[in-house]
2 protein chains.
Amino acid sequence: MKIDKNLIGGSTILILLALLDEKDMYGYQIIKEIEKRSDEAFQFREGSLYPVLHKLQNNGYVKSYMATGDTGKSRKYYQITKKGRKQLKEEQEQWNLFSLSINKVLGGSANAFS
Amino acid sequence: MKIDKNLIGGSTILILLALLDEKDMYGYQIIKEIEKRSDEAFQFREGSLYPVLHKLQNNGYVKSYMATGDTGKSRKYYQITKKGRKQLKEEQEQWNLFSLSINKVLGGSANAFS
DNA sequence: AAAATATACTTAGATGTTCTATGTATAAAT
DNA sequence: ATTTATACATAGAACATCTAAGTATATTTT
């Protein structure tokens, strides 16, 4: 099953910063990695992802550099910054609280998660 | 802490249908109930909630009726429909998968949820 | 009694975000 | 040689939410 786009929307930045906190990655690689890890539940298109990466860079959460890897292709790698790591921590706390709160609100419902 | 609006956005319909699956409620009551259950983490404004209720009604997920309760004030109660309950089930499955997938993606990160 | 606050619903328009669609270009596979 | 996968980019469309304002009644405070 594919997940409704506007569920994912709010957590895009969390996902991106979490991945880049592991290692530097380039855009296309991020798309493939997210697909793989989520068993295809999350699917980003380039037109959706790249503008977000640019926004992250404008906000100072990541910086980028060009590099040519083992292949001949030139790639734009993104690297998380100190400010980005701080933001990541904030986003993780937000996610934990959000997830908890949803369960609280649905908790009153007798057959939630039935 | 208050939760970032665009995290909540994607799950608004899930929350509303889950509440209305418990009992009929009117708009203002829904706002207060969500605040209470989430310990103020979720805060909807009227201008955000009412249009969503109207959309739910247009989609046939809820129907509404006017009623004057114990007070003299006239209120518009919303009631979930059969179609709405079907949608609720779908939204719950989506939420479960979404929540799981986020954890999968973040799972690779050494200090996720640290 | 008057004023202020809480309750209750509504909508127009601004804002913001994502998606579609399209373009460019190279490397690998058929 | 042609197709597919890789790789980045952006304009404009489409969509959703929020702000702000308006209306009206009931309750509480002064």
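Per chain, numbering begins at 1; letters A, B, ... match sequence-line order. Being a predicted model, the structure only gives us computed values, none of them experimental.
- The separation between Ile31(B) atom CD1 and dT10(C) atom P is 11 Å, rounded to whole Å.
- The distance between atom CZ of Phe44(B) and atom C1' of dT7(C), rounded to the nearest whole Å, is 19 Å.
- Within the 4.0 Å cut-off from OP1 or OP2 of dT19(D), at least one side-chain nitrogen or oxygen of Arg45(B) is found.
- Panel note: side chain Gln94(B), backbone Asp4(A); a donor-acceptor pair is recorded below 3.5 Å.
- For dT17(D), neither phosphate oxygen OP1 nor OP2 lies less than 4.0 angstrom from any side-chain nitrogen or oxygen of Ser48(B).
- Residue-to-nucleotide proximity on DNA chain C shows that, of His54(B) and Val52(A), the 5′-proximal contact is made by His54(B).
- Set against dA16(D), dT7(C), dT6(D), the side chain of Lys73(A) has dT6(D) as its closest nucleotide.
- Heavy atoms of Gly47(B) sit under 4.0 angstrom from at least one base atom.
- In terms of polar N and O atoms assigned as donor or acceptor, the side chain of Lys5(A) never comes within less than 3.5 Å of the base of dT18(C) in a complementary pairing.
- Linking Ile, Leu, Val, Met, Phe, Trp and Tyr residues whenever their side-chain heavy atoms come within less than 4.5 Å places Leu53(B) and Tyr65(B) in a single cluster.
- Note: CG (Asp4(B)) to P (dG16(C)) measures 14 Å, nearest angstrom.
- Atom CD in Gln43(B) sits about 14 Å away from atom C1' in dC18(D), given to the nearest Å.
- For Tyr50(B), a side-chain nitrogen or oxygen approaches OP1 or OP2 of dC9(C) to under 4.0 Å.
- Across all strands, Glu46(A) comes closer than 4.0 Å to base atoms (heavy-atom distances).
- To the nearest angstrom, C1' of dC9(C) lies 16 Å from CG of Leu56(B).
- Rounded to a whole Å, the CD1 atom of Ile8(B) is 14 Å from the C1' atom of dA16(D).
- For Asn6(B) and Lys76(A), each mapped to the nucleotide of DNA chain D holding its nearest heavy atom, the one lying further toward the 5' end belongs to Lys76(A).
- Around CZ of Arg85(B), the count of heavy atoms belonging to other residues, nucleotides or ligands within 6.0 Å exceeds 12.
- Distance, Leu49(B) CG to dC9(C) C1': 11 Å, rounded to whole Å.
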